[in-house]
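Indexing begins at 1, ligand by ligand and atom by atom, following the structure's order.
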Amino acid sequence: MKEIEALLKKFFGYTSFRPLQADIIKRILDKKDSLVLMPTGGGKSICFQLPAIYLPGTAVVISPLIALMKDQVEGLLSNGIPAAALNSSMPDAERQRIKQLCMQGKVKLLYISPEGLMGEVDWLLPRMDISLIAIDEAHCISQWGHDFRPEYTQLAVLKERFPKVPIVALTATADKITRLDILNQLKLNDPQTFISSFDRPNLSLTVKRGFSKKEKIASIVHFINARKQQSGIVYCMKRSDTEELAEALNSYGIKAIAYHAGLAPARREKAQDDYINDRFDVVCATVAFGMGIDKSNVRWVIHYNMPGSIENYYQEIGRAGRDGLPSDTLLFYSLGDLVLLRRFVEESGQSDITSEKLERMKRYCETDVCRRRILLSYFGEEAEHDCGNCDVCKNPPQRFDGTILVQKALSAVVRTGERVGIQMLIDILRGSFRQEIRQHGYDQLKTYGAGRDLSYKEWKEYVYQMLQLGYAEVDYAAGRTLKVTPLGSKVLYGELKAQLATWNEDENT
Ligand code: ADP
Ligand code: ZN
């Protein structure tokens, strides 16, 4: 590893590794497979670029976006590392030249799109000495992820065709179910999963509810004027909104530009370039904006509409504060957005998982629980303490000691062998006479009826708080059953007290 550290210094100018980087690199050098989960800006690229430089042969890097590839290759070349990209938009002669270089072993990293790769599985790849295969944005392989790309599913052949080549799959967002899906689909061999912390304490988190369009715009203008000459992004659901909003902001003297996938490529590129080079302070964009954009001084991100899932939301706010300095995020949540998103889910004919994800997003917006705890629990990280840097922490609701309540619920979960979902759990706690309860013998449990004193709605609220606090989690792969987390066990066995936010039916309907 001494040699690798020397290369880190030589090619990238860094003196030390970030957490996990060295372990991941070692794993690749040992020719073993891995899955890497690191937030955007965490430093994933070096994990495969360094072994690619060190090992003989050429590393094949699969990446979904041509623009992203171009940046990476240019960055590597400027550091003196021979890299190239193959894509369909290149002239034929150029493609041939690059293929020759790859076969001669003169390229250390070859970037290629999944479509391009499938065209070369039989021809180019067997003629190369492949050192490793890196699959970037690996969540694209899963329908349970937030950016499913059918081309990615074909990557399963890689392990079959090149069983000896180590594969490293990398992503910035993957909840548990997507994670398992990636491992299964890529047929990774005895993979090790590396998860670096998703915590971004420098991002403040705020949600505002029930604003009209006019109020939203006024609030955004106020927000931006308090942050003069700082870079920011406003994410909008609709293309037309990006243009309308940019225009409105301009009329207030704010230098804003619109960006969405419906613009001509040249205009899009220019907008991106103008924003990156600070010729505009604000970009009003759809989610088409941001993937692969490396701008470290984005100081704030606003969501004009609620995103469809916590993964999307986290990915998008993650574009702020990549330099680690304090940055602000603000989300506007309205029932109108929720209705629209629910309709999208219905029309897309997608699984209940999509609507469950939307439900979790909605609950995030409506919560009385520290928002960062919700995010971290969502990604499977343990968070025992409130963060102090979200609007809930700054203006805390009334709380009560809910330890016994949580214990009742979790103990029921355990006693059913973790085989029930939320609805069944509440029915058990409330001593319902549902037939299935008797069929499974749940009416014989000690906790049957132990929560009769609360209404169904109250229980539902508290169970969701338990999920948000990370005491329990939903196992989507096992029919959306509830599981107790290690943190939940601490509450169950009296090692940790649980504070719940008081919920009042009248105020919340
Ligand atoms: P990701 O692909 O995870 O979004 P990158 O690989 O682009 O992140 O890295 C983000 C930034 O962190 C880059 O500017 C990169 O050069 C820098 N970086 C990566 N590893 C280190 C390190 N060990 N020390 C210092 N900076 C690093
Ligand atoms: Zn908080």
Q: Just by distance, with hydrogens left out, do Thr367 and Gln468 show a side-chain donor and acceptor under 3.5 Å apart?
A: yes
Q: Taking non-hydrogen atoms only, is Tyr14 closer than 4.0 angstrom to ligand 1 via side chain, backbone, both or neither?
A: side chain
Q: Mind checking whether Gln21 contacts ligand 1 via backbone (N, CA, C, O), side chain (CB onward), both or neither, at a 4.0 Å heavy-atom cut-off?
A: side chain
Q: For Arg322, take its heavy atoms, then give the atoms of ligand 1 lying under 4.0 Å from any of them.
A: 4 (O)
Q: Any heavy atom of Arg18 sitting closer than 4.0 Å to ligand 1?
A: yes
Q: For Ser45, counting its heavy atoms only, list the atoms of ligand 1 lying under 4.0 Å from any of them.
A: 2 (O), 5 (P), 6 (O), 7 (O)
Q: May I ask you to establish whether Arg363 and Tyr464 are in a cation-pi arrangement, using a distance under 6.0 Å from NZ or CZ to the six-membered ring centre and at most 45° from the ring axis?
A: yes
Q: Can you give the angle Cys370 SG - the Zn ion (ligand 2) - Cys390 SG, rounded to 10°?
A: 120°
Q: With a 6.0 Å cut-off on ring centres, are Tyr314 and Tyr378 close enough?
A: no
Q: For ligand 1, which atoms have a heavy atom of Pro39 less than 4.0 angstrom away?
A: 3 (O)
Q: Side chain, backbone, both or neither: which part of Ser296 has a heavy atom under 4.0 Å from ligand 1?
A: neither
Q: Tyr275 ring centre to Lys295 NZ or CZ under 6.0 Å, with the angle to the axis within 45°?
A: yes
Q: Only heavy atoms of Phe17, strictly under 4.0 Å: list the atoms of ligand 1 that pass.
A: 23 (N)
Q: Measure from NZ or CZ of Lys216 to the centre of the six-membered ring of Tyr304, then state whether that distance is under 6.0 Å and the direction lies within 45° of the axis.
A: yes
Q: For atom 23 (N) of ligand 1, which of Ala172, Gly13, Ser16 has the closest heavy atom?
A: Ser16
Q: Step through the shown structure and confirm whether more than 12 heavy atoms of other residues, nucleotides or ligands are within 6.0 Å of CZ on Phe162.
A: yes
Q: Taking the six-membered ring of Tyr364 (Phe, Tyr or Trp), confirm whether the NZ or CZ of Arg371 is under 6.0 Å from its centre and within 45° of its axis.
A: yes
Q: On the ring face of Phe211, is Arg209 found with NZ or CZ under 6.0 Å from the centre and within 45° of the axis?
A: no
Q: Closer than 4.0 Å to some heavy atom of Gly43 - which atoms of ligand 1 meet that?
A: 1 (P), 3 (O), 5 (P), 6 (O), 8 (O), 9 (O), 19 (C)
